[in-house]
Amino acid sequence: MKRSKGQRVGTRSILRRRKNERSRLNIRRVMHQYEEGDRVAIVLDGGQQGGMPHRRFNGRTGFIQKRQGVAWIVAVKDGNMQKTVIARAEHLRPLE
């Protein structure tokens with residue numbers, strides 16, 4: 001059988017949530033209002049599939065550029081390249 005090559009292949013341990021966090025939505029993270037230039041960490045939430053960036057950006061930090069609908073556009077440095085990631089608020093955490 002041919003091996004699947006989906007976007008979430010190999011994410012069994014990356015997107016796993018602890019037992020006490022399952023089926024919970026962190027309302028403080030969702031309702032947080034970001035401004036342009038705020039530093040954020042991209043931390044994928046396996047319980048929320050909508051607006052999830054690619055798993056390669058899990059754990060990266062970036063800067064908020066602007067808002068796009070209910071999501072945010074984040075500038076992330078990937079190696080020597082500057083990339084833009086579109087992610088919803090469930091997958092972002094504010095940094096000081």
Side-chain angles (χ1 to χ4, degrees):
M1 186 172 181
K2 187 177 179 183
R3 181 181 167 137
S4 63
K5 299 176 186 172
Q7 218 178 12
R8 291 181 62 161
V9 65
T11 61
R12 184 176 194 150
S13 61
I14 295 173
L15 300 179
R16 181 178 291 151
R17 300 178 80 186
R18 287 183 288 187
K19 194 168 187 176
N20 61 350
E21 291 179 351
R22 289 184 195 155
S23 73
R24 277 195 191 165
L25 182 65
N26 192 341
I27 196 73
R28 289 181 67 195
R29 197 176 313 158
V30 176
M31 298 298 289
H32 193 276
Q33 290 298 318
Y34 297 103
E35 302 293 331
E36 289 188 18
D38 286 353
R39 280 186 70 202
V40 292
I42 300 174
V43 181
L44 301 182
D45 184 3
Q48 302 295 320
Q49 295 179 358
M52 183 185 294
H54 194 271
R55 65 187 173 101
R56 118 173 19 109
F57 299 108
N58 189 31
R60 300 282 177 103
T61 60
F63 293 95
I64 296 286
Q65 286 185 333
K66 62 181 179 177
R67 185 160 188 146
Q68 178 174 320
V70 295
W72 297 95
I73 297 181
V74 182
V76 179
K77 191 111 184 217
D78 188 22
N80 288 331
M81 293 188 64
Q82 189 75 19
K83 296 189 178 181
T84 57
V85 176
I86 301 172
R88 286 174 68 170
E90 299 94 80
H91 308 288
L92 300 176
R93 291 188 186 170
L95 295 175
E96 298 304 320

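Sequential numbering from 1 along the given sequence is applied to the chain's residues.
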Exercise. CZ of Arg67 to CD of Glu36: how many Å apart, nearest 0.5 Å?
Worked result: 12.0 Å
Exercise. So if you build clusters from Ile, Leu, Val, Met, Phe, Trp, Tyr with side-chain heavy-atom gaps below 4.5 Å, do Val85 and Leu15 land together?
Worked result: yes
Seminar exercise, completed: Note: Ala75 and Gln65 closest approach over all heavy atoms is CB-NE2, 3.5 Å
Exercise. Nearest 0.5 Å, what's the CG-CZ distance between Asn20 and Arg22?
Worked result: 9.0 Å
Problem set entry | salt bridge (charged side-chain N to carboxylate O under 4.0 Å, His left out) against Arg16, all qualifying residues, sequence neighbours excluded | none
Problem set entry | Gap between atom CG of Asn58 and atom CG of Leu44 - 0.5 Å precision | 4.0 Å
Exercise. Under a 4.5 Å cut-off applied to non-hydrogen side-chain atoms, are Leu92 and Ile42 in contact?
Worked result: yes
Exercise. Would you call Glu35 and Ile64 a side-chain contact if the rule is heavy atoms closer than 4.5 Å?
Worked result: no
Exercise. With sequence neighbours excluded, what pairs up with Glu21 under the salt bridge (charged side-chain N to carboxylate O under 4.0 Å, His left out) test?
Worked result: Arg18
For this session: Using a cut-off of 6.0 Å, state whether more than 12 heavy atoms not belonging to Asn80 lie near its atom CG.
Result: no
Problem set entry | Residue pairs fulfilling salt bridge (Lys or Arg N to Asp or Glu O under 4.0 Å) with at least one residue in residues 48-61, sequence neighbours excluded | Arg60-Asp78
Exercise. If two hydrophobic side chains count as joined below 4.5 Å and joins carry through other members, does Val30 share a cluster with Trp72?
Worked result: no
For this session: Measure across Gly46 and Met52 and return the closest heavy-atom pair with its distance rounded to 0.1 Å.
Result: CA-CE, 4.2 Å
Exercise. Are any non-hydrogen side-chain atoms of Arg39 and Phe63 less than 4.5 angstrom apart?
Worked result: yes
Exercise. So if you build clusters from Ile, Leu, Val, Met, Phe, Trp, Tyr with side-chain heavy-atom gaps below 4.5 Å, do Phe57 and Ile14 land together?
Worked result: yes
For this session: Answer whether the closest heavy-atom distance between the side chains of Gln82 and Lys77 falls below 4.5 Å.
Result: yes
Exercise. Should the ring pair His32 and Tyr34 be called parallel, tilted or perpendicular, given that the plane angle runs from 0 to 90° and is split at 30 and 60?
Worked result: tilted
For this session: Compare all side-chain heavy atoms of Gln49 with those of Arg8 and state whether any distance is below 4.5 angstrom.
Result: yes
Seminar exercise, completed: Distance col, row Arg93:CZ vs Thr61:OG1, nearest 0.5 angstrom, shows 14.0 Å
Problem set entry | Minimum side-chain heavy-atom gap Arg3-Val9 below 4.5 Å | yes
Exercise. Does a side-chain heavy-atom distance below 4.5 Å link Asp45 with Arg17?
Worked result: yes
